[in-house]
Trainee: 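Before we start, here is the structure in question, set down as structure tokens.
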Protein chains: 2
Amino acid sequence: MKFSRQRELILQTVRQSEEHLTAEQVYERLKPENTTLSLGTVYRNLNLLAEQGTLCRIPVPGGADVFDRNNDGHQHIICRCCGSVMDWRIPKMEELDQYLSELTGFAVDRHDFIAWGTCKNCQN
Amino acid sequence: MKFSRQRELILQTVRQSEEHLTAEQVYERLKPENTTLSLGTVYRNLNLLAEQGTLCRIPVPGGADVFDRNNDGHQHIICRCCGSVMDWRIPKMEELDQYLSELTGFAVDRHDFIAWGTCKNCQN
DNA sequence: CTCCAAATCAGTAATGGTTCTTATTATGGT
DNA sequence: ACCATAATAAGAACCATTACTGATTTGGAG
């Protein structure tokens, strides 16, 4: 894998963000100072980094997927109202893959868990 | 909600299927004998039935959502290889929403859980 | 049964997120 | 400096899904 300025910028953008970002958001943040950057490049690199395990791609039913700097096993809670994505580490959750493999015969290697609700802010 | 022949056909198709079906698959099964049926109608009715709780819509990252006749709390395991979707009931999983609500401050009302792996058939 | 408003429909256009294609440019080893 | 390879920008293509349109069906009231 060759070094590329774009890939570095994209990785740093996700790493430096407190929130989870969509590809579009990464693009918008970088575009002003990198006028030739293209959205396709953002997607390609985010996918590469996710496959390689550097980042984590979180599928969001009904919306654009978001990318997370943390790749350790944790789960996500999405606010129906404002769309914010919160991380939460649910104990015993990693053991589930093993548990499911034994019981179902599937060779389970990962899972997506998304809880839906209303965040504290939006409850007011 | 008024009675409609189309809605009834769509519901029966999902109910009678052993597998989980995409909207497209429901459409393909009904189209031959219902030549004027349109895909939009299938989507609209599947959504209605899902909102109403009669069916369950399962989001499939990277593919078309599937619909399930069972709406009781259970989880899904998808084969990366053949795409088949298996149901599995994971104990204690319903309690998670309550658990998360207490800990995170979100008012959690549901969750999606999808495990990814290789089914027994495809392992050979 | 007939009339009518509301629900539903078929057909099709539009949307949005994402990937693919193509021709061009950057990278890093020799 | 040269060259094969990787990466890029730009935009077209793709796919699942929804939105829009004007026509049709439904079920209750008279």
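Naming: A, B, ... by sequence-line order, numbering from 1 per chain. We use all heavy atoms of the structure for the numbers below, so side chains are in, but hydrogens, waters and symmetry mates are not.
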Trainee: Got a sec? Which of residues 4-32 of chain B come in under 4.0 Å of DNA chain C, heavy atoms?
Mentor: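 Hits under 4.0 Å, by residue number: Ser4(B), Gln6(B), Arg7(B).
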
Trainee: Specify the closest pair of heavy atoms between Cys79(B) and Thr118(B), including all atoms of both residues, with the distance to one decimal.
Mentor: SG-CA, 4.0 Å

Trainee: Can you list, by residue number, the residues of residues 38-52 of chain B that have a non-hydrogen atom closer than 4.0 angstrom to DNA chain C?
Mentor: Ser38(B), Thr41(B), Arg44(B), Asn45(B)

Trainee: Choose from dT18(C), dG27(D), dT27(C) the nucleotide whose nearest atom is closest to any side-chain atom of Arg57(A).
Mentor: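 Minimum distance to the Arg57(A) side chain belongs to dT18(C).
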
Trainee: Between atom CE in Met1(A) and atom P in dA6(D), what is the gap in whole Å?
Mentor: 11 Å

Trainee: Grab the CG-C1' distance between Asn34(B) and dG11(C) for me, whole Å please.
Mentor: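 Roughly 16 Å, once rounded to whole Å.
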
Trainee: Counting heavy atoms from C-beta on, name the nucleotide in dT27(C), dA9(D), dT26(D) closest to the side chain of Lys2(A).
Mentor: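 The answer is dT27(C), which lies nearest to the side chain.
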
Trainee: For Asn71(A) and Gly53(A), work out which heavy atoms get closest and say how close.
Mentor: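 Scanning both residues completely, I find the closest heavy atoms to be ND2-O, 2.9 Å.
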
Trainee: Hey, is the main chain of Val60(B) close enough, under 3.5 Å, to the side chain of Asp65(B) for a donor-acceptor pair?
Mentor: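 Flag set: sc Asp65(B) to bb Val60(B) pair under 3.5 Å.
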
Trainee: Say whether Glu24(A) and Thr22(A), considering side chains only, have a donor N or O and an acceptor N or O under 3.5 Å apart.
Mentor: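 Judged by distance alone, the side chains do not pair up.
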
Trainee: Short question: side chain of Arg57(B), backbone of Leu49(B) - any donor-acceptor pair under 3.5 Å?
Mentor: no

Trainee: Any donor-acceptor pair under 3.5 Å linking the side chain of Ser101(A) with the backbone of Val108(A)?
Mentor: yes

Trainee: Answer yes or no: is there an ion pair linking Glu8(A) with Arg15(A), defined by an N-O contact shorter than 4.0 Å?
Mentor: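 Here Glu8(A) does not pair with Arg15(A) in a salt bridge, since their nearest N and O are not under 4.0 Å apart.
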
Trainee: Rounded to the nearest angstrom, tell me the gap between atom CG in Asp65(A) and atom C1' in dT18(C).
Mentor: 9 Å

Trainee: Do Ile90(B) and Phe113(A) belong to the same hydrophobic cluster, where Ile, Leu, Val, Met, Phe, Trp and Tyr are linked whenever their side-chain heavy atoms lie under 4.5 Å apart, directly or via other members?
Mentor: yes

